[in-house]
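Read through the structure below, which is laid out as structure tokens, and then see the notes.
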Amino acid sequence: MALSLYNTATRTVSEFTPLTPGKVGIYLCGATVQAPPHIGHIRSGVNFDILRRWLSASGFDVTFIRNVTDIDDKILHKAVHEEIPWWAVAMKYERAFTDAYKALNVLPPTYEPRATGHITQMIDLMQTLIEKGHAYAPGNGDVYLEVRSLKSYLTLSNQKLDDLQSAGDSEETFKKDPRDFALWKAAKPGEPSWPTPWGDGRPGWHLECSAMAQAYLGETFDIHGGGLDLIFPHHENEIAQSEAAGYGFAKTWMHNAWVTTAGEKMSKSLGNSLQVQELIKRVRGIELRWYLGSAHYRSMLEFSFEALEESAVAFRRIEAFLDRAIGILGSTPDGVISSTFADAMNDDLAVPAALAYISEIVKSGNNALTANDTKALAAAAAEVRGALGVLGCDPRDDAFAGQSADNNGAIDGLISLALQQREAARARKDFAASDAIRDQIAALGIVIEDTPQGPRWQISSGR
RNA sequence: GGUCGGAUGGCCGAGAGGCGAGGCUCAGGACUGCAAAUCCUGCUACACGGGUUCAAAUCCCGUUCCGACCUCCA
């Protein structure tokens with residue numbers, strides 16, 4: 001079964017065929033670094049990280065670009081508000097995003113270009129657009145794209161130009177048509193600017209993505225991704241710019257759905273408590289990732305702390321199986337991708353179906369464990385590990401070192417000492433003494449389980 | 001006004017004409033000195049009203065409710 005993906009441009013799921021066999025180029029609209037990341041931002045990162053990992057696991061050589069928008073109105077406003085330079089705002093929040101991505105095991109992109117590093121490419125693109133008669137500089141330092149000059153526009157969102165509500169903005173006087181959008185904004189006093197043939201200024205929001213996608217992936221590339229809300233205007237305008245310049249641009253458009261709270265798109269007022277840095281105080285990063293990745297990427301994910309906790313419990317069950325299996329097997333099996341898992345992922349990344357299959361494997365693996373069938377156990381553990389690897393939730397991944405309830409040699413020695421005492425007490429049926437030892441260890445946050453292979457312990461993963 | 005989604009059991013969350021996805025919770029059982037873990041069993045749902053069909057959660061028409069986008073947005 002070949003990989004099929006939903007393409008927003010055609011509103012259908014269709015077989016994915018790369019432009020160059022064996023290679024895939026992906027451009028994901030990354031963050032505007034003007035605030036710390038909340039789980040909505042990071043869901044997009046996780047969803048597309050799963051896509052990327054699946055493409056890699058399927059044998060593709062993936063070039064993954066995720067940009068950083070480090071110049072924009074909000075950043076400038078924030079700089080004034082925080083009384084620090086605009087670049088300090090951008091770098092501060094870029095780091096916050098980087099930390100969040102790392103905590104959730106989102107792989108660093110192949111290249112992570114910043115908008116301000118690509119002014120040259122943007123000027124080249126504007127030059128081309130003006131030469132082709134699709135853009136104009138009215139003389140005030142702005143440069144606009146003339147949407148009426150385009151052969152097609154608004155094909156992604158399927159809207160008609162005349163149906164759009166007019167912006168009603170007071171600064172639109174230089175535009176030929178109110179729907180024309182800014183490629184470049186004239187410098188204002190006190191704001192950063194770069195020189196261009198049309199005057200000093202700074203980039204409009206949409207221009208950077210067209211310029212950087214072309215710079216790193218070429219004029220035509222495979223997949224362009226982002227959140228649902230970027231369809232209009234951002235992606236429409238990217239298409240307008242790039243196609244007007246003569247580029248083929250993206251073949252497949254993918255959009256992830258929202259994390260919502262109380263049925264609504266996450267709002268700023270609730271945003272603080274849903275920042276990644278706050279949530280990973282409640283659950284481990286791997287558990288938050290599991291939660292965000294578990295719903296289908298095109299479905300809304302209704303956030304609640306209860307659902308997050310429940311999801312973490314479900315994940316710990318899988319993790320516990322893997323721990324037990326590795327303990328019995330004496331080694332960590334390499335991940336194996338089963339055909340059932342592959343079929344699910346190939347069906348437009350049907351993660352929920354893949355998770356249902358993982359549950360079945362864990363169940364059969366636990367049965368193998370009870371039956372002491374190490375061959376079946378090893379097979380199950382390998383499949384679970386393979387699946388978790390693609391989902392970026394392999395507790396044995398180095399990225400999660402320190403997050404897993406991994407045994408430490410010295411602690412293991414001490415606990416073992418106590419467990420020997422307890423076993424001795426149990427042997428002489430002094431259960432009061434043995435339970436007392438277990439209770440004392442439990443009070444330290446360590447859980448004891450008696451198994452046919454003897455007692456085992458782990459640091460309680462519940463927080 | 002235009003465009004696009006959604007409503008599934010106590011909860012979360014898939015599916016998209018016929019076979020009870022899966023998980024969590026809960027109840028009962030097996031195992032266990034007791035726990036824990038694990039396994040087994042049970043809990044038969046698809047907003048409402050029509051229609052098409054041998055058969056509808058799924059398709060069609062209508063209704064209600066919820067949400068997203070329409071130049072800040074993941």
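In what follows, every chain begins at residue 1, and chains take the letters A, B, ... in the order their sequences are listed. As the structure is a computational prediction, the values presented were derived from the model and not from experiment.
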| Face-on cation placement of R438(A) at F431(A) ring, 6.0 Å and 45° thresholds | no
| Length of the line joining W253(A):CH2 and A74(B):C1', which is rounded to integer Å | 15 Å
| message | Any side-chain N or O of R456(A) below 4.0 angstrom from OP1/OP2 of U38(B)? | response | no
| task | Check the distance between C72(B)'s C1' and F181(A)'s CZ and give it to me in whole angstrom. | result | 16 Å
| Phosphate-side-chain proximity, R426(A) and U32(B), N/O vs OP1/OP2 below 4.0 Å | no
| query | Closer than 4.0 Å, any side-chain N/O of N366(A) to the OP1 or OP2 of C39(B)? | reply | yes
| Nearest-Å distance, NZ (K363(A)) to C1' (U41(B))? | 11 Å
| request: Return the value, rounded to whole Å, for the distance between atom CG of N237(A) and atom P of U71(B). | output: 11 Å
| said: Of the listed nucleotides (A74(B), C34(B), G13(B)), which one gets closest to any side-chain atom of S44(A)? | reply: A74(B)
| field | Distance in angstrom units between E146(A) CD and U71(B) P, rounded | value | 20 Å
| note | Out of C69(B), U71(B), A74(B), minimum distance to the side chain of T32(A) belongs to A74(B)
| Pair D162(A) + K160(A): basic N to acidic O under 4.0 Å | no
| query | Rounded to whole angstroms, how far apart are NE2 on H234(A) and P on A68(B)? | reply | 21 Å
| field | Span that lies between the C1' atom of G20(B) and that of U41(B), in whole angstrom | value | 15 Å
| Which part of the nucleic acid, if any, lies within contact of D450(A), taking any heavy atom under 4.0 Å across all strands shown: a base, the sugar-phosphate backbone alone, or nothing? | base
| Does D162(A) make a side-chain donor-acceptor contact with the base of G2(B), cut-off 3.5 Å? | no
| task | Could you check whether R438(A) gets within reach of a base, just the sugar-phosphate, or nothing at all, counting any heavy atom under 4.0 Å? | result | base
| note | Per atom distances to the F232(A) side chain, the nearest of C39(B), G13(B), C69(B) is C69(B)
| What nucleotide among U38(B), G33(B), A74(B) has an atom nearest to a side-chain atom of R422(A)? | G33(B)
| field | Donor-acceptor pair (no angle test) under 3.5 Å: E360(A) side chain, G22(B) base | value | no
| query | Going by atom types only, do T374(A) and N372(A) share a side-chain donor-acceptor pair under 3.5 Å? | reply | no
| query | In the strands shown, is U53(B) matched to any nucleotide by a Watson-Crick or G-U wobble pair with both distances under 3.5 Å, and which? | reply | none
| Considering only U38(B), C4(B), G13(B), which nucleotide approaches the side chain of T370(A) most closely? | U38(B)
| query | Counting N and O atoms only, with roles assigned by atom type, does the side chain of D49(A) sit under 3.5 Å from a partner on the main chain of G45(A), one being a donor and the other an acceptor? | reply | no
| field | Euclidean distance for P, C43(B) against U32(B) (whole angstrom) | value | 28 Å
| task | Go ahead and name the base partner of C48(B); Watson-Crick or wobble counts if both distances stay under 3.5 Å, otherwise write none. | result | G62(B)
| task | Assess R282(A) against F305(A): is NZ or CZ under 6.0 Å from the centre of the six-membered ring, and within 45 degrees of the ring's axis? | result | yes
| task | Report the base-pairing partner of A37(B) (Watson-Crick or G-U wobble, both distances below 3.5 angstrom), or none. | result | none
| Is the backbone N or O of E238(A) less than 3.5 Å from a side-chain atom of S242(A), with the two atoms forming a donor-acceptor pair by type? | yes
| request: Kindly say if N158(A) contacts the phosphate of C4(B), meaning a side-chain N or O under 4.0 Å from OP1 or OP2. | output: yes
| field | C1'-based separation of C46(B) from C11(B) [nearest Å] | value | 16 Å
| field | Along RNA chain B (nearest heavy atom to each residue), the more 5'-positioned of Y6(A) and A307(A) | value | Y6(A)
| said: Once you apply a heavy-atom cut-off of 4.0 Å, does L28(A) come out as touching a base, just sugar-phosphate, or nothing? | reply: nothing
| said: For a quick check of understanding: with a heavy-atom distance under 4.0 Å over all strands, which category does R324(A) fall into, base, sugar-phosphate or nothing? | reply: sugar-phosphate
| Which whole number of Å gives the distance between the P atom of G9(B) and that of G51(B)? | 25 Å
| task | Assign the ring pair H255(A) / W253(A) to parallel, tilted or perpendicular, where the plane angle (0 to 90°) is split at 30° and 60°. | result | parallel
| request: Searching all strands shown, indicate the nucleotide that pairs with G17(B) (Watson-Crick or G-U wobble; both distances under 3.5 Å). | output: none
| request: Give H296(A) one of three labels, base, sugar-phosphate or nothing, depending on what nucleic acid heavy atoms sit under 4.0 Å from its own. | output: sugar-phosphate
| request: Return the nucleotide paired to C31(B): Watson-Crick means purine N1 to pyrimidine N3 with N6-O4 or O6-N4, wobble means G-U with N1-O2 and O6-N3, both under 3.5 Å. | output: none
| request: Scan every strand shown for a Watson-Crick or G-U wobble partner of C4(B), both distances under 3.5 Å, and answer none if you come up empty. | output: G67(B)
| H41(A), nearest nucleotide to its side chain (from A21(B), C40(B), A74(B)) | A74(B)
| Donor + acceptor pair across side chains of Y27(A), D222(A) (<3.5 Å) | no
| said: Ignoring hydrogens and geometry beyond distance, is a side-chain donor-acceptor pair present between N256(A) and S44(A) at under 3.5 Å? | reply: yes
| query | Touch check for S299(A), heavy atoms < 4.0 angstrom, all strands: base, sugar-phosphate only, or nothing? | reply | sugar-phosphate
| Nearest-neighbour nucleotide for the E449(A) side chain, A74(B), A36(B), U71(B) considered | A36(B)
| Rounded distance in Å between the P positions of C19(B) and C39(B) | 28 Å
| task | Would you indicate what G40(A) reaches in the nucleic acid, counting non-hydrogen atoms under 4.0 angstrom: base, sugar-phosphate, or nothing? | result | base
| If the C1' atom of G13(B) is compared with that of U25(B), how far apart are they to the nearest Å? | 14 Å
| query | D73(A) near the nucleic acid: base, sugar-phosphate alone, or nothing, with a heavy-atom cut-off under 4.0 Å? | reply | nothing
| said: Quick one, V143(A) and Y136(A) - any side-chain contact, counting heavy atoms below 4.5 Å? | reply: no
| note | To the nearest angstrom, the CH2-C1' distance between W258(A) and A74(B) comes to 5 Å
| field | A21(B) to C60(B) separation - P atoms, rounded to the nearest Å | value | 22 Å
| query | Hey, which of these two, S294(A) or P352(A), hits RNA chain B nearer its 5' end, going by closest nucleotide? | reply | S294(A)
| request: Just compare A74(B), C34(B), A21(B) and give me whichever is closest to any side-chain atom of D435(A). | output: C34(B)
| request: Please measure how far the P atom in G17(B) lies from the corresponding atom in G49(B), and state the result in whole Å. | output: 23 Å
| When the distance from CZ of R11(A) to C1' of C4(B) is rounded to whole Å, what number comes out? | 6 Å
| message | Categorize L301(A) for me: base, sugar-phosphate, or nothing, with a 4.0 angstrom heavy-atom threshold over every strand shown. | response | sugar-phosphate
